[in-house]
Amino acid sequence: MSWEPVYRLVKKIPRGRVITYGEVAKALRTPGGARAVGYAMAATPPGRGIPWHRVLGAGGRIRLREPYAAKQRRLLETEGVVVGRVIDMKIYGWSFRRPQVKKAAKRKRRKTR
DNA sequence: CATCTGACGACCG
DNA sequence: GCGGTCGCCAGAT
């Protein structure tokens with residue numbers, strides 16, 4: 001897989017919400033490629049408006065090494081995300097729109113969260 | 001083409 | 001609940 005799809009998805013993450021590498025990989029239909037996704041984030045060129053800080057490890061854990069970890073934490077808190085030992089995915093976790101086929105879904109927007 | 005490496009994840013003891 | 005292993009994928013050597 002190329003990084004493009006990864007960047008495209010990450011850019012869709014709303015401010016104040018987060019997601020995990022595994023979820024991204026799964027959204028790209030590449031389960032197990034979570035590691036690759038992380039690599040993609042590391043290769044994310046600045047200035048592309050890619051909210052890399054909204055991507056965390058499983059369980060809302062920051063998998064970065066200092067001093068980057070602190071930086072990511074700060075960025076998240078700036079967006080209103082409460083960062084404790086880990087980030088509560090139950091609250092801030094976000095999901096990409098699943099391959100929602102056309103119709104069916106329009107009836108009554110089932111909340112996506 | 002063979003290996004190693006890394007912002008990962010699920011399991012097992 | 002914590003730490004060590006093994007399995008994954010894409011890039012770099």
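Any value given below was found using the heavy atoms of this structure, including those in side chains, with hydrogens, waters and symmetry copies removed. First the proteins, then the strands, lettered A, B, ... as listed; each starts at 1.
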Item to check | A:Thr44 side chain vs A:Ala42 backbone, donor-acceptor pair below 3.5 Å | outcome: no
Next on the checklist: Could you check whether any side-chain heavy atom of A:Leu28 comes within less than 4.5 Å of a side-chain heavy atom of A:Phe96, counting everything from C-beta outward?
Outcome noted: no
Checklist entry - Any salt bridge between A:Arg54 and A:Glu79, counting N to O under 4.0 Å? => result yes
Next on the checklist: Strictly under 4.0 angstrom, non-hydrogen atoms only: write out the protein contact profile of nucleotides 8-13 of chain B, one letter per nucleotide from the 5' end, B, S or -.
Outcome noted: BSS---
Item to check | Rounded distance (Å) that lies between atom P of B:dA7 and atom CD of A:Glu66 | outcome: 13 Å
Checklist entry - Whole-Å distance between B:dA7 C1' and A:Tyr7 OH? => result 12 Å
Distances under 3.5 Å between protein N/O atoms and the N/O atoms of nucleotides 1-5 of chain C, please, pair by pair.
none

Checklist entry - Excluding sequence neighbours, so at least two apart, what forms side chain to side chain donor-acceptor pair (under 3.5 Å) with A:Glu77? => result none
Checklist entry - Under the 3.5 angstrom rule, does the side chain of A:Thr30 hit a backbone N or O of A:Gly33 as a donor-acceptor pair? => result no
Checklist entry - Just by modelled atom types, is the A:Arg48 backbone N or O under 3.5 Å from a matching donor or acceptor in the A:Tyr7 side chain? => result no
Next on the checklist: Quick one: does any side-chain atom of A:Arg17 pair with a main-chain N or O of A:Trp94 as donor and acceptor, under 3.5 Å?
Outcome noted: no
Checklist entry - If you group Ile, Leu, Val, Met, Phe, Trp and Tyr by side-chain heavy-atom gaps below 4.5 Å, do A:Ile19 and A:Ile91 land in one group? => result yes
Next on the checklist: If I take atom CG in residue A:Leu76 and atom C1' in nucleotide B:dA7, what distance separates them, rounded to the nearest angstrom?
Outcome noted: 13 Å
Checklist entry - For the pair made of CH2 in A:Trp3 and C1' in B:dG6, what is the distance, rounded to whole Å? => result 10 Å
Checklist entry - What is the distance, rounded to the nearest whole Å, between atom CZ of A:Arg65 and atom C1' of B:dT5? => result 11 Å
